[in-house]
Amino acid sequence: TAVVALFYNKFSKLQILYAMRLTDDQLKEISATFQAEMKKGLSSDSNAAAAVKMLPTHVHSTPVGSEKGEFLALDLGGSKFKVLQVKVKEGMGIIRGGVEMEEKTYPIPEELLMGKGAELFDLVSESLKDFMQEKNIDLEKKHPLALTFSFPCEQSRLDQGTLLNWSKNYQVRGFQGKDVVQALRQAVDRGMDVEVLALVNDTVATMMTCGFEDSYCEVGLIIGTGTNACYMEAMRNVDLVEGDEGRMCVNTEWGGFGDDGALADFITDFDRDVDAASNNPGKQIFEKMVSGMYLGELVRLVVLKMAKKGLLFDGYVSSALRTKGTITTGQVAAMEEYKNGLTNTKNILTSLDLNPSADDCVAVQHISTIVSFRSSNLVAAGLAAILMRIKENQNLRTLRITVGVDGTVYKTHPQYPKRLHKVVRRLLPECHVRFVLSDSGSSIGAAMVTAVAQRLASQRRKVDERLLAFKLSIEQLRLVKATMRAGLEAGLKMKGSSAVKMLPSYVCRTPDGKECGKYLALDLGGTNFRVLLVKFRKGLQPRSRLYHKIYTIPQEIMQGTGEDLFDHIVDCISDFLEYMGIKNVRLPAGFTFSFPCEQTALDTGMLVSWTKGYKATDCEGHNVVSMLREAIKRRNEFDLDIAALINDTVGTMMSCAYEDPQCEIGLIAGTGTNLCYMEEMADNEVQKMCINTEWGGLGDDGSLDHIITSYDVEVDQNSINSGKQRFEKLTSGMYLGEVVRQVLLDLTRGGLLFKGNVTEPLKKPGIFETKFLSQIESDHLALLQVRSILQGLGLDSTSDDSIIVKEVCEVVSRRAAQLCGAGMAAVVDKIRENRGLDHLNITVGVDGALYKLHPHFSGVLRETAKVLAPQCVVTFLPSEEGSGKGAALITAVARKKEEMQLTKT
């Protein structure tokens, strides 16, 4: 401390040295500025003018440990370049011998650094051939090759890169703006069968090398002759590349930070002198304050200025001290060695023809400390900005992450790593940061990028093969439409023997908007039972008012006896009537019963079969209205005038027809699926009747086997009604999540997801709910929603896993929507032809969570119907108050008809 105080007393006139000592507040300011510069570089609107270029690398994934293969690699970026053969073994890290490497270093003559690009790559090609011959590598066999190229390139894909500018001491002519990979290919095509698969920056290569050993490594850092950093950015933020799913490694090229004046407040006169004397004045300002190419020169300029002012060496300035480059960064590191630092300092100064005193040596050593300390502080500020961005992208409170590091300054300077680590952790106490030194990082990393790319390509092919069966062609959809049309016609002609039942509903009119009075509506169709009181008012707004309560149907009731089920329903009705204070009033009621029923009258219907998980005994083949009336009698507390039994689909159509007179179709796309429509009648008294198609049974006769996948077969076989409701099992919410689970299970068993780890939750039927599809496909948070859902299922997913899971959800839900659209096209074309029309305008009333809540289902359904039925203009009207209101309307229409008949009589 006394020595430091003595130093500042002695050199207090040189206030410029204080400018190199950065406080934490200044570092936080620099970090915030760098964050803003990163955003500029990522935005397509501001990238062109951005100093920090944020170049997309088209590296989408870090290693997961399953990479393997043999690769050639070239590492070009300094005064020498390396040729390597890298063998990557699956499932083993670098430390455990998972990577074997042979390499040879070749010098680059200085004249080539200023020469023509073709000459430089000819040398690279000759050296590659020499290496292959020396290592007995077959020149006739095709070999994958990766190039580590440590200069800024703009890439449109992994195996392409346009050189933006040279840095360090390279000034090769006629190469800027050219494709580096193409130049290499032209050079190596002569006499070698080599396929250049990847162009990688040395920083990216460092990250990938460390990522093979540590799966948390998502940042690469170089602090050597030059400096740079890269990290895994959320794709949604990378404007320069299409797509918003997953991640991509971004090469920041942070050496250019400050080229636009952003660091003006922190630049010293010494920095300006270094910049002015460089071969690229005004460029790479941050790099010139930080990297090994310039630290020695900064120290020399400070020492020179002090000597000129008589503050060192008694004012003596040697010729060597005046000469650029005579103090190297390696010597700066030597001066700061813990034990031998002062001795090294004296020897270095003596070699410059100086005769330093002990105080001179202390002073120069301290100058080296200030310059190198500033370097590590600036790197820490930039790194803190990157880590903060990653944390915010992932919406995390704390971040666990590893930074892969390479570069001579970091490796050889005795104090640099410790200083850097300490400042980063001080600036970001909420981040748990581990630093891993890369061994031959940029060399192995290029091969690792290629290995990852090959793994992803192989994975992509295998995933595509499995998902191909879900992607229906227009020809397949037309065939589904034709199959549905045939099923509709067969159901109308062959009572009970067709897969599509085509059940008469005895609803012969839609509302005219003049309905009035109070009606009770009962709605049973899933795990809930709803009781409603609906009031219709003529000439008033709103025209209807609705009061309701929802009651749960426990599973033991759903699968118990029929008597218990209907007694439970009556208990719920009793509670509602008590709640509304109308227990003593005998109201007309409509019963929405969302299961296949064969009706012989509006208020009579035999249950054909249970669906949606119901298995209550002694119900199938029985009149459900009679069962309800008997349960009311057993209760003996109230009475109801049950005027109508309707399906939820019919109720939806009626509810929407009350708003739109053109509504003659009802569609349910929710837990189950169904469609009804107004069919033309030959009867003179009854012109139309609503037909409940029960289209969920399409395919029960094998007519859809051409689109059934092995996953659908599994879902069907594990269901409570195997072989039944095949169309519903392809399209409804009750089954889509289970189809997705079967696909995920298969992909995981094949090693294509979750590192092949099949967890117990993933084996459990029903664990993947259909609502997850809506949440996952709505995800705009860098797949955070996907990962959160998967974590809740005990699945530890990578970003790549999340992308595949989302894709599986998309193909399954899209197929469901397309199939519904094909069925809809069959129905509207039938109606059009029934009426002898060239064109048909019609409205479809729709209900169901899948249609209403899924982000894409409704759009795909509408588009498919439009394409397959081009002569029909179909409007889809979501039902706001559902089938309950429809039941009340049917009851109102029925009572109005009875009143009219009585009046006639």
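The residues of the chain are indexed from 1 along the displayed sequence.
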Give a yes or no on whether the backbone of [Y] and the side-chain of [X] come within a donor-acceptor separation of less than 3.5 Å.
| X | Y | value |
| --- | --- | --- |
| H60 | R247 | yes |
| D159 | A198 | no |
| N228 | E253 | yes |
| T62 | E218 | no |
| T450 | A446 | yes |
| H143 | D138 | yes |
| Q459 | L752 | yes |
| W166 | F151 | no |
| S438 | G404 | no |
| D801 | F754 | yes |

Between [Y] and [X], is there a side-chain donor-acceptor contact under 3.5 Å, judged purely by atom types and distance?
| X | Y | result |
| --- | --- | --- |
| Y294 | T329 | no |
| Q160 | S156 | yes |
| E233 | Y231 | yes |
| E336 | H413 | yes |
| T798 | R787 | no |
| D202 | T148 | no |

Residues which pass salt bridge (Lys or Arg N to Asp or Glu O under 4.0 Å) with [X], listed by chain and number, not counting sequence neighbours:
| X | result |
| --- | --- |
| K104 | D130, E134 |
| E154 | none |
| K53 | none |

Where does the angle between the aromatic ring planes of F81 and Y106 fall among parallel (under 30°), tilted (30 to 60°) and perpendicular (over 60°)?
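Parallel.
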Should the pair F34 and F286 be assigned to parallel (<30°), tilted (30 to 60°) or perpendicular (>60°) ring geometry?
parallel
Check whether any side-chain heavy atom of I108 sits under 4.5 Å from a side-chain heavy atom of L113, and report yes or no.
yes
Just wondering, do L428 and L383 contact through their side chains at under 4.5 Å, heavy atoms?
no
Review item, side-chain donor-acceptor pairs of residues 35-44, under 3.5 Å, at least two apart:
{"unit_1": "E37", "atom_1": "OE2", "unit_2": "K40", "atom_2": "NZ", "d": "3.3"}
{"unit_1": "S43", "atom_1": "OG", "unit_2": "D45", "atom_2": "N", "d": "3.2"}

Kindly state each residue pair satisfying side chain to side chain donor-acceptor pair (under 3.5 Å) with at least one member in residues 424-436, sequence neighbours excluded.
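Matches after skipping sequence neighbours: D24-R426, D214-R434.
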Using a strict 4.0 Å threshold on nitrogen-to-oxygen distance, state whether R185 and E195 make a salt bridge.
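Looking at E195 together with R185, the answer is no, because their closest N to O distance does not fall below 4.0 Å.
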Only residue of K82, K87, K135 satisfying salt bridge (Lys or Arg N to Asp or Glu O under 4.0 Å) with E102 is K135
Could you pull out every donor-acceptor pair under 3.5 Å between side chains of residues 114-126 and any protein atom, sequence neighbours left out?
{"unit_1": "D122", "atom_1": "OD1", "unit_2": "R190", "atom_2": "NH2", "d": "2.6"}
{"unit_1": "S125", "atom_1": "OG", "unit_2": "A187", "atom_2": "O", "d": "2.9"}

When rounded to the nearest 0.5 angstrom, what is the spacing between CD1 in I285 and OG in S278?
7.5 Å
Result of checking K288, K283, Q284 against D275 for side-chain hydrogen bond (donor to acceptor under 3.5 Å, both in side chains):
K288
